[in-house]
Amino acid sequence: LAHLGKERIDEVFDPSLTMQRAIDTYRAKGYDEAWISKRIKGIQERKRLTDIWKDGGIEKTREYAMLTNEIYKSWSGMKASEYKAYKGIRKESLRDNMTDIEVLLTDLGEIATRDIAKTEHPQGFNENMNVAKRGGQVANDARKSYEKQTKKSAISKDNALDYKYMEDEKLIEDKKNKKKK
């Protein structure tokens with residue numbers, strides 16, 4: 001705990017250490033350098049969107065989640081929780097488990113939302129929700145074009161590291177069997 005505390009204090013004085021820790025974590029999970037670079041850029045772009053929402057009067061964590069869900073739903077037909085279930089992931093980051101095209105479409109929806117909001121300056125949740133729907137629709141239009149041209153779905157059940165979960169009962173049974181041996 002003392003070592004962990006020291007690391008966090010060091011990061012306060014040198015924020016680049018936080019980024020390096022994130023990069024190291026992604027490397028340890030098996031992500032390649034190009035993916036890591038795109039992911040970090042995506043995090044920066046996401047922050048730019050949430051800053052716009054904050055300027056538009058969004059303050060509650062729940063509202064940010066609902067606006068994000070609207071972007072996802074507008075382009076993919078699923079809220080984030082539904083998308084995670086579709087991919088078979090639980091606690092992991094949805095974005096960390098998207099294919100390249102899924103990440104691109106999510107980014108496009110968020111960038112379009114941000115750019116519309118920068119032009120129109122929506123205030124309050126309802127106005128921002130309308131903009132989020134429209135930004136997500138831009139990504140949906142791109143998705144339809146992609147699918148028409150490639151003749152394949154932009155939405156995939158694949159997740160980046162191919163997570164597999166054991167049912168709780170199976171896990172408990174396996175532990176019992178190991179103890180007996």
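Along the sequence shown, residues carry numbers from 1.
- In terms of hydrophobic clustering, with Ile, Leu, Val, Met, Phe, Trp and Tyr side chains grouped at heavy-atom distances under 4.5 Å, Ile101 and Leu94 are assigned to a common cluster.
- A distance-only check finds a donor-acceptor pair linking the side chain of Thr50 to the backbone of Lys47 [under 3.5 Å].
- Leu49 is connected to Met129 through a chain of hydrophobic side-chain contacts under 4.5 Å among Ile, Leu, Val, Met, Phe, Trp and Tyr, so both are in one cluster.
- Tested against Asp107, the residues Arg95, Arg48, Arg114 include a single salt bridge (charged side-chain N to carboxylate O under 4.0 Å, His left out) partner, Arg95.
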Does the salt bridge (charged side-chain N to carboxylate O under 4.0 Å, His left out) test come out yes or no for Arg21 and Asp24, once each step is laid out?
CA-CA 5 Å; Arg21 184 168 48 89; Asp24 292 343; over 6 Å; no
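- Linking Ile, Leu, Val, Met, Phe, Trp and Tyr whenever their side-chain heavy atoms come within less than 4.5 Å puts Trp75 and Met78 in one cluster.
- Contact detail for Glu147 and Ala154: the closest heavy-atom pair is OE2-N, 2.9 Å.
- Put simply, the side chain of Lys6 does not reach to within 4.5 Å of the side chain of Ile9, judged on heavy atoms.
- Criterion: ILVMFWY side-chain heavy atoms under 4.5 Å apart, direct or through other members. Under it, Tyr72 and Ile116 are not part of a common hydrophobic cluster.
- The neighbour count for Lys84 NZ, taken as heavy atoms of other residues, nucleotides or ligands under 6.0 Å away, is above 12.
- Of the possible polar contacts, one joining the Asn69 side chain to the Ala80 backbone as a donor-acceptor pair under 3.5 Å is found.
- In terms of heavy atoms, Glu127 sits closest to His121 at OE1-O, 4.4 Å.
- Here the side chain of Glu92 pairs no donor or acceptor atom with the backbone of Ile89 at under 3.5 angstrom.
- For Glu70 (side chain) and Ala132 (main-chain N/O), no donor-acceptor pair under 3.5 Å exists by modelled atom type.
- Ile40 and Ile111 are members of different hydrophobic clusters when ILVMFWY side chains are connected at heavy-atom separations under 4.5 Å.
- We find the CG-CE distance between Leu105 and Met98 to be 9.0 Å, quoted to the nearest 0.5 Å.
- Across all their heavy atoms, Ser156 and Thr99 have their closest contact at CB-CG2, 3.8 Å.
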Could you walk me through whether Asp96 and Tyr31 pass the side chain to side chain donor-acceptor pair (under 3.5 Å) check?
CA-CA 9 Å; Asp96 286 358; Tyr31 292 99; 4.7 Å; no
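- Leu108 belongs to a hydrophobic cluster with Val138, counting contacts under 4.5 Å between side-chain heavy atoms of Ile, Leu, Val, Met, Phe, Trp and Tyr, direct or through other members.
- With respect to Lys87 and Asp158, no salt bridge is recorded, no charged nitrogen being found less than 4.0 Å from a carboxylate O.
- Note that the CD1 atom of Ile155 and the OH atom of Tyr83 stand 4.5 Å from one another [nearest 0.5 Å].
- Using modelled atom types, no side-chain atom of Lys38 and backbone atom of Asp100 make a donor-acceptor pair closer than 3.5 Å.
- The shortest non-hydrogen separation linking Glu102 to Asn97 is OE1-O, 4.5 Å.
- Between the Asn140 side chain and the Gly136 main chain, no donor and acceptor come within less than 3.5 Å of each other.
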Please list every donor-acceptor pair under 3.5 Å in which a side-chain atom of residues 53-65 meets a protein atom from a residue at least two apart or in another chain.
from	atom 1	to	atom 2	distance (Å)
Glu63	OE1	Glu59	N	3.4
Glu63	OE1	Lys60	N	3.3
Tyr64	OH	Ile58	O	3.0

